[in-house]
Number of protein chains: 2
Amino acid sequence: MSPQDDLIHKTGQALDGVQLRRDARVQASLAAALDHTMRVLSKGTILVFEGAKVDSLFHVTSGWLAAAKSLPEGERQIVEFVLPGETYDPTSADGQTSYVELEALCETTVAIIDAATWARLLSELPELRDSERLRDVAARARQSERMLRLGKSSAESRVAYALIEFCMRMTAIGETDRDCVFHVPLGQQQLAEYTGLSSVHVCRTLRRLGRNGLITADDHMDLEIHDVHALAVLAGVDLDALRREIIPGAA
Amino acid sequence: MSPQDDLIHKTGQALDGVQLRRDARVQASLAAALDHTMRVLSKGTILVFEGAKVDSLFHVTSGWLAAAKSLPEGERQIVEFVLPGETYDPTSADGQTSYVELEALCETTVAIIDAATWARLLSELPELRDSERLRDVAARARQSERMLRLGKSSAESRVAYALIEFCMRMTAIGETDRDCVFHVPLGQQQLAEYTGLSSVHVCRTLRRLGRNGLITADDHMDLEIHDVHALAVLAGVDLDALRREIIPGAA
DNA sequence: CGTTCAGTTGAGTTGCTTCAACCCGTGTGG
DNA sequence: CCACACGGGTTGAAGCAACTCAACTGAACG
């Protein structure tokens, strides 16, 4: 069994993910409700600023969104990526302002759903409610996993973890080119903002991983993971357990 | 206006918090449903291990719980504290295993609610559903705020932020001794696991804050914040905005 | 071609960690 | 009642991982 086969096996059940995402009834109702709210955003577009008024949620159909926060001095931290099929609600506890900035990382189609409509949809569609709950739980688990790395891990471990997470999520929604081969619409700067490192150090770390044969990362983040196990060891994860934890519908 | 008055004003609406927590109908139904599932845990008790089977949620009535994750090498990161009146669901995306370890930080009373019962309660009590949603949103915002500090801030800023967060949350549930004076059931080691620092450096940082007159932190984490504004500057937050973001019902 | 922008690499700096010693309040057993 | 061990907090010294700064490369684009 090649490393690639193994990762498919580990991260696998790609079909489940696709199925979940494409669940016919939900998808149809969603599409009907959202059609007229679709927007195509070009790379770099900012959907909402941190602290701005919001009364909407955002459902990504294609492309990536980043949810980021900044310190007054300008340092940015990306707290989540929103991938196709996922919905993100940027509303704080006051119900009126966004606690993050949402930015398109590439050409991205988004449905903008106002809170009331979303609430109605959730109450009308049990399947939607369930699948959203699942995604929510997965997102929470992922976020905790990342906090663990932000707080207690080396640069190598953080980057390794990020790559594994990307791979699993991409596999789950069927956006891999081949097994363990995929593209993420990020520059090193963004990866740095995600992992809590400087872009310079991200660069060094990626190159080191490359030199050791664990991955290839060509210029614009076309990634290929050669040795998942070594990467998992660096990241300090059990692939099987991680998948069950952070990928919705991977039970 | 003294700093204390000001923080009450900023973090304020203590009454809202109490009211939210004590909402008569919800509280009564909850109590009825939970009475027989109450457990009193002694300090250090571990409710669930990371990776263990769970089909329950945990509702804290008094005391503190820590939700923590560990790396294989043993480094721990506390991802959330669960305070009185809050509910924590440790279930991962597979719906069967816990993605965190839950530990009592002092004598703590917890209601152990099985998932099915909880689902029933939520569907039967709209008020509960709403207040839980609010708390959920607040928790998500807090977690992002912490990720920002874990990724991009100095030790001083991380500790300052943690103290402000404690103060706001304690004020909201009415567990302050006086304004800006409260106790957290943590050692420096735990604070370190929360802020992603070494306990040694937490010690140095607390002492520095003390020497500069911003706080007093006597032996077992009886805290008093003298200069909230200086602390807020260090943490890089706007107190007003932060409260609206992370405290449920602070709108 | 010149300009720009992302990535790469080296050199020097620094903030936090680790290690180790020490202090002190508490608990325990002789 | 003292002796002693223990665990948390405190402090100093030394090391190192990641940061900053700065120079260079190469691809993309007008």
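Note that the structure is predicted; figures quoted are calculated from it, not measured. Below, chain A is the first sequence line, B the second, and so on; all start at residue 1.
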Q) Do T109(A) and S62(A) have a side chain donor and acceptor closer than 3.5 Å? A) yes

Q: Using whole Å, report how far CZ of R158(B) lies from P of dT17(C).
A: 8 Å

Q: Check the side chains of E165(B) and Y194(B) for a donor-acceptor pair under 3.5 angstrom, ignoring hydrogens and angles.
A: yes

Q. Separation of R208(A) atom CZ from dG7(C) atom P, in whole Å?
A. 18 Å

Q | Length of the CD-P vector between Q188(B) and dT11(D), whole Å | A | 10 Å

Q: Find the distance R211(A):CZ to dT9(C):P and express it as a whole number of Å.
A: 7 Å

Q. With distance as the sole criterion, do the side chain of R204(B) and the base of dG12(D) form a donor-acceptor contact below 3.5 Å?
A. yes

Q | Atom-pair distance (CG on L186(B); P on dG8(D)), nearest Å | A | 13 Å

Q: Answer yes or no: is there a donor N or O on one side and an acceptor on the other, between the side chain of R146(B) and the main chain of R158(B), under 3.5 Å?
A: no

**Q.** Test item: side-chain donor near acceptor, S92(A) and T97(A), under 3.5 Å
**A.** yes

Q | Distance in angstrom units between D222(A) CG and dA27(D) C1', rounded | A | 15 Å

Q. If you look at every strand shown and take non-hydrogen atoms under 4.0 Å, does S199(B) touch a base, only sugar-phosphate, or nothing?
A. nothing

Q | Selected nucleotide, minimal atom distance to E75(B) side chain, candidates dG9(D), dA18(D), dT18(C) | A | dT18(C)

Q: Return the value, rounded to whole Å, for the distance between atom CD of Q190(B) and atom C1' of dG8(D).
A: 11 Å

Q. For the pair made of CG in L191(A) and P in dG7(C), what is the distance, rounded to whole Å?
A. 10 Å

Q. Out of dG7(C), dA18(D), dT11(D), which has the shortest distance to the side chain of V200(B)?
A. dT11(D)

Q: Respond yes when some side-chain nitrogen or oxygen of R207(A) is under 4.0 Å from OP1 or OP2 of dT8(C), and no when none is.
A: yes

